[in-house]
Peer 1: 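Take a look at the following structure, please.
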Amino acid sequence: MTTLRDPWDRAFRRPDRRPMYTWGMEKIRKPAAWTKPLDIKSSRHFVEPFDWLHDETIRELNIMAPVQSGKSLISDVATCYWRANAPGHHLSLLQDDEIAKQYAESRGMAILKDVDDILVQLSHDRSKTRNQEIIFLDGHRYVMWGPALNNLQTFGYRYVTADELWKWKPGTLKEAKGRLSAYVKMGLDKLLCISQGGMENDDWDYQFQSGEIRLWHIKCESCGHMMYPHFSGIRQDGSRWGIRFDAQRLKDDPKKFDIPKAIESRRFECEKCGHGHIDSPRTRASWNLTGEYRAEGQAVATRKSHRWPVWIDSEWGQFVKEFLESKSKLADGQTEDMTAFIQKRLAEPASEDRLHSSSMTFKRESYSIETRVTGDLVVMTVDRQSEGVYWVMVRVWTRSPVTSRRLIYKQCIAESDLAAVADEFKVSTITVKGDQGKWSRVMKAVYVDSRYDTRGDDGVYRMCADHGWCAVMGDHRRFWKHSWDQRKADGTLIKHRQERPHSEWVRVDPGQGTAKAGMKSAVRAIFCSNIYRDRLQSIMERGEWIEPKDNVNADEETEYERQMTSERRVPKMDKFTKEKYMHWVCHNGNNHAADCAKMQMFAATTCGLL
């Protein structure tokens, strides 16, 4: 029975200042929409986000987390707590109006009405309690809408919760934050953003990066090292750590993997000591007990951003399966599944660079620059730009076992600089043959891209002729016909015909069409850029393409990796044979290191090392 004292007690009772999760576990009964009740002991990564939501000095909290990992549960508890203990106008925004309507009917409004401290605040006037809107007895409004522009006008709110921002249109988040303006002046505003990962540099990514980024770290059971549980991390030496497995390709379909064997061999390797953690409830319980958030980047007093991956409290087998299936499709140019894996499982923003950089592994070792002395072939490749700038790569190759180690990658601005690099690293001397072996010439193993400025006094052909270098050029053409005659001991003449992914060496005249025609000549060959890029990918996957580990400049290495990973594989059809194949393309033009690397592969192949 309601007495006259009840409304008096409700009006003047003290707010419940217990931790938000403690209040939620007591006050909120398990709704049907929740897959499990709130249990903070088994989900300690919820504690800090709840504490920040309870802290009045924190104005914005961003949570980028996997799907079905408890993000909405945090929002539900916070909504109920604020309504019961710190009431104010509240705007809850979901990805669209239809989803907002369904969520309000099945979960959002039901949870509010299920809390006794909120139930008594509902008006007896049924028109004040609608499907997506409640006007409480104190006059405060709670609404649950989609992020349409007409829903973000007129009214101001103390609380705004934004859900699944990865689907929002550009500029919508700014409009939503504008609804807090009146409370910003009073220092009472609170913005909660929760979503899976979106796309790099979208509004959601910028919002997350604007806060102090705090990542959930786990503790190695062997050495005690604290680390963020990456699915696939890379150590300084280029080796991988994280969730590891034996990914063997199927013999009948090399693009696909033996998934059952990969799942059976799954383990989590420590970043520091390499200890393999078993996929078991005990491991996940240990991570939950000893884990903690650690800040990354600059501290921000009023804005916090949290992230955790899905496998900290789930079995890993299904994620290994999803990753390998996505990787197989990525090899065919289908990016949708890998994008979804990054966004929904890793809870990170996807991008073109992110999709493809994971397929290129740089093995790193400690070795001296004098390694070239023990190599079988020292090759220098030069990528010339239209503005007269040169990117130079020098690598030393060994035949048994086959390895390629980078000695230098730098930018030069003059021909004399190129000659100095060639002399410093003592590039090898090779013999090239042309016209079915009818002529040969001794050259230095310096391969210069001849796509730009080939002829003339400042052209590539003249430079190659003067220094004894080789002019080369990548092309979209896939094969060239090679023919040669072989005479047996009995005098029989056999004519050989073969298609190869490069042309024969030919002699070219730097002064063709001028008064200097016929004075000197250079040698040139054309190769299939796409096929040699595939071969580059293969030796990288086998760990034969090695980069230096020590004494490297961080900025230069970042630029090198950016240039090496700038090419993408897309499906293409041969216009003559109608055969479909995967073609490497670069959308930003910054693939100079990759071009140098393809010339290195061409050099090693034509010199007989590969």
Side-chain angles (χ1 to χ4, degrees), residues 377-395 397 411-423 425 427-477 479-480 482 500-514 516-533 536 591-608:
L377 180 69
V378 178
V379 178
M380 172 175 160
T381 51
V382 182
D383 184 36
R384 177 166 181 167
Q385 303 306 297
S386 57
E387 59 272 17
V389 176
Y390 305 92
W391 287 93
V392 182
M393 179 185 292
V394 181
R395 304 188 72 92
W397 291 79
Q411 195 176 48
C412 296
I413 59 174
E415 180 181 335
S416 58
D417 296 335
L418 300 179
V421 173
D423 292 339
F425 290 95
V427 296
S428 301
T429 300
I430 61 174
T431 301
V432 299
K433 298 180 180 181
D435 194 13
Q436 302 181 24
K438 295 178 181 178
W439 63 265
S440 63
R441 185 177 295 184
V442 177
M443 311 290 291
K444 291 183 179 179
V446 178
Y447 295 75
V448 185
D449 177 26
S450 60
R451 183 165 294 278
Y452 298 105
D453 299 331
T454 55
R455 290 182 167 85
D457 292 339
D458 296 325
V460 173
Y461 292 164
R462 195 275 310 160
M463 181 168 57
C464 290
D466 289 348
H467 296 277
W469 299 342
C470 305
V472 294
M473 184 173 67
D475 193 77
H476 295 319
R477 183 176 173 181
F479 297 104
W480 285 259
H482 290 247
R500 296 176 181 174
H502 58 266
S503 71
E504 284 192 296
W505 289 101
V506 297
R507 289 176 287 202
V508 291
D509 188 350
Q512 183 179 353
T514 69
K516 298 181 180 180
M519 292 183 178
K520 60 180 71 174
S521 66
V523 297
R524 188 208 66 190
I526 305 175
F527 64 91
C528 177
S529 178
N530 191 60
I531 291 178
Y532 280 100
R533 179 61 182 81
L536 172 64
N591 62 337
H592 314 305
D595 283 344
C596 287
K598 285 179 281 189
M599 287 187 277
Q600 289 278 340
M601 294 298 300
F602 168 74
T605 301
T606 54
C607 290

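Remember, predicted model here, so these are calculated numbers, not experimental data. Residue numbers count from 1 along this sequence.
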Peer 1: With the side chain counted from C-beta on, respond yes when Trp439 and Lys433 share a heavy-atom pair under 4.5 Å apart, and no when they do not.
Peer 2: no
Peer 1: Would Arg500 and Trp480 count as a cation-pi pair here, with the cationic atom under 6.0 angstrom from the ring centre and within 45° of the axis?
Peer 2: no
Peer 1: Look at the rings of Tyr532 and Phe527 and say which category their plane angle falls in: under 30° parallel, 30 to 60° tilted, over 60° perpendicular.
Peer 2: perpendicular
Peer 1: If you define the side chain from C-beta out and look only at heavy atoms, does anything of His467 sit under 4.5 Å from Val446?
Peer 2: no
Peer 1: Check whether any side-chain heavy atom of Trp469 lies under 4.5 Å from a side-chain heavy atom of Val523, and answer yes or no.
Peer 2: no
Peer 1: Run the side chain to side chain contact (heavy atoms under 4.5 Å, CB included) test on Arg384 and Arg451 for me, step by step, so that the C-alpha distance in whole Å, both residues' side-chain angles and the decisive distance to 0.1 Å come before the verdict.
Peer 2: CA-CA 8 Å; Arg384 177 166 181 167; Arg451 183 165 294 278; over 6 Å; no
Peer 1: For the pair Glu415 and Arg462, find out whether any cationic side-chain nitrogen is under 4.0 Å from an anionic carboxylate oxygen.
Peer 2: yes
Peer 1: Kindly say whether Ser450 contributes a backbone atom to a donor-acceptor pair with the side chain of Thr454 at under 3.5 angstrom?
Peer 2: no
Peer 1: Hey, does the side chain of Ser529 reach the backbone of Gly474 with a donor-acceptor pair shorter than 3.5 angstrom?
Peer 2: no
Peer 1: If only atom types and distance count, is the side chain of Arg477 paired as donor or acceptor with the main-chain N or O of Phe479 below 3.5 Å?
Peer 2: yes
Peer 1: Using modelled atom types only, decide if a donor and an acceptor are shared between the side chain of His476 and the backbone of Asn530 within a distance under 3.5 Å.
Peer 2: no
Peer 1: Among all residues two or more places apart in sequence or in another chain, which pass the side chain to side chain contact (heavy atoms under 4.5 Å, CB included) test with Ala420?
Peer 2: none
Peer 1: CD1 of Ile531 to CG of Leu536: how many Å apart, nearest 0.5 Å?
Peer 2: 14.0 Å
Peer 1: Any non-hydrogen side-chain atom of Asp449 less than 4.5 Å from a side-chain atom of Val382?
Peer 2: no
Peer 1: Spell out, as yes or no, whether a donor-acceptor pair under 3.5 Å connects the side chain of Gln600 to the backbone of Val379.
Peer 2: yes
Peer 1: Side chains of Tyr390 and Asp383: closer than 4.5 Å at any heavy-atom pair?
Peer 2: no
Peer 1: Is Val472 close to Trp505 at the side-chain level, that is, under 4.5 Å between some pair of heavy atoms?
Peer 2: yes
Peer 1: Under the side-chain hydrogen bond (donor to acceptor under 3.5 Å, both in side chains) criterion, do Gln411 and His592 qualify, and how do the steps go?
Peer 2: CA-CA 10 Å; Gln411 195 176 48; His592 314 305; over 6 Å; no
Peer 1: Below 4.0 angstrom, N of the basic side chain to O of the carboxylate: do Asp509 and Lys520 qualify?
Peer 2: no
Peer 1: Please confirm whether the backbone N or O of Ile526 pairs with a side-chain atom of Ser503, one donor and one acceptor, at under 3.5 Å?
Peer 2: yes
